[in-house]
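Quick notes on the structure that follows.
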Amino acid sequence: LGKDVAGNEYTTTIKSEAFYIDRTAPEVTITAKDNKYGTATNAVQSSKAVVTLRDDMTNPYSGLETGANIQYKWSTDGTNAPTSGFSTASLSYTGGAGIKTFEVDTPTTTDIWYLWVKPTTLKDRAGNQTSTAAIKSAAFYIDRTAPTVTLDKTTAGAADNAVYSSTVTVTLKDDGTTPYSGLKAG
């Protein structure tokens, strides 16, 4: 491997430590708990969004940095991210975790909703920072409006609290104001 001027050979092999290079920032995903998104023909009454923070765990120095601040907001606009009114989840966890999740309840009104998430301080132990641009969930079809029931007795002049036979009409009606509203058969 090498000789000095006097002809002495240097024969020791030197092995370096392993180098781990991590250039990938943590990722953020948004899913529906138990896959309860609802659909355009079958909305759900309520659900929860699950926000997952994940970092590559392929080497012993990977993992999320300790703690993160994540902003989130529900919106009916699936195209443009909100510019204000975000709530903040301040997550506390030990550095080195590969996955961290938190849940967000769906809104209390009937509509098609999107959860927008902005990872404001999310990074891994190698210092890779996740973009702070807003990330949008898939659509959550939420229907919290109960159908109405109307009962109509059609016999004219029948006394209340009397026994009589007549045609009674029961009408179930949903407001139909959203494309996923409607009554289920059964």
Side-chain angles (χ1 to χ4, degrees), residues 14-146 175 177-181 184:
I14 299 173
K15 181 180 177 188
S16 73
E17 294 292 320
F19 288 92
Y20 296 99
I21 299 173
D22 179 357
R23 293 191 177 114
T24 305
E27 67 178 8
V28 177
T29 56
I30 307 165
T31 56
K33 186 171 187 173
D34 300 326
N35 207 29
K36 285 178 61 177
Y37 289 100
T39 65
T41 57
N42 190 19
V44 294
Q45 186 177 9
S46 67
S47 185
K48 288 183 183 269
V50 179
V51 179
T52 303
L53 317 177
R54 177 172 308 179
D55 193 48
D56 176 23
M57 294 298 292
T58 58
N59 71 67
Y61 303 102
S62 296
L64 300 168
E65 183 61 73
T66 302
N69 286 328
I70 308 296
Q71 293 184 327
Y72 61 93
K73 182 175 182 178
W74 287 102
S75 175
T76 56
D77 186 339
T79 305
N80 301 301
T83 57
S84 63
F86 283 85
S87 297
T88 299
S90 295
L91 305 175
S92 179
Y93 49 85
T94 304
I99 297 176
K100 179 66 178 173
T101 62
F102 69 97
E103 296 179 357
V104 180
D105 290 329
T106 51
T108 58
T109 56
T110 297
D111 218 322
I112 301 171
W113 291 98
Y114 301 89
L115 181 63
W116 291 87
V117 174
K118 289 172 46 174
T120 56
T121 62
L122 179 60
K123 62 182 177 178
D124 64 15
R125 294 191 314 169
N128 299 305
Q129 172 106 18
T130 301
S131 168
T132 58
I135 301 160
K136 178 186 77 171
S137 72
F140 283 74
Y141 293 84
I142 306 299
D143 183 355
R144 300 216 184 201
T145 305
D175 70 1
T177 58
T178 54
Y180 48 88
S181 295
K184 273 191 173 181

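Using bins of under 30°, 30° to 60° and over 60° for the plane-to-plane angle, the ring pair W74/F140 lands in the perpendicular bin.
In terms of heavy atoms, T130 sits closest to P119 at CG2-CG, 3.8 Å. A pairwise comparison of heavy atoms in D22 and S62 identifies OD2-OG, 4.3 Å as the closest pair. Pairing each heavy atom of R125 with each of L64, the nearest pair is CG-O, 3.7 Å. In terms of heavy atoms, I142 sits closest to T109 at CG2-O, 4.0 Å. Between G98 and M57, the shortest heavy-atom distance links the atoms CA-SD, 3.5 Å. D124 approaches P26 most closely through the heavy-atom pair N-CG, 3.6 Å.
Judged by distance alone, the side chain of K136 and the main-chain N or O of G78 form a donor-acceptor pair under 3.5 Å.
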Give the C-alpha distance, both sets of side-chain angles, the deciding distance and a yes or no for side chain to side chain contact (heavy atoms under 4.5 Å, CB included) between V51 and L115.
CA-CA 10 Å; V51 179; L115 181 63; 4.0 Å; yes
Show your reasoning for whether side chain to side chain contact (heavy atoms under 4.5 Å, CB included) applies to F102 and Y72.
CA-CA 11 Å; F102 69 97; Y72 61 93; 4.2 Å; yes
Step by step, work out the side chain to side chain contact (heavy atoms under 4.5 Å, CB included) result for I70 and L91.
CA-CA 8 Å; I70 308 296; L91 305 175; 4.0 Å; yes
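In this structure, a donor-acceptor pair under 3.5 Å is present between the side chains of N69 and S90.
At least one side-chain heavy atom of V50 sits under 4.5 Å from a side-chain heavy atom of E103. Looking only at side-chain heavy atoms (C-beta outward), L53 and L122 come within less than 4.5 Å of each other.
The OG1 atom of T31 sits 13.5 Å away from the NZ atom of K36 when rounded to the nearest 0.5 Å. In this structure, OG1 on T106 lies 14.5 Å from OH on Y141, to the nearest 0.5 angstrom.
By the side chain to side chain donor-acceptor pair (under 3.5 Å) test, R54 is found to be paired with no residue, residues two or more places apart in sequence or in another chain being considered. Residues meeting the side chain to side chain donor-acceptor pair (under 3.5 Å) test with E27, sequence neighbours left out: none.
The six-membered or imidazole ring of W116 lies away from that of F86, with a centre-to-centre distance of 6.0 Å or more.
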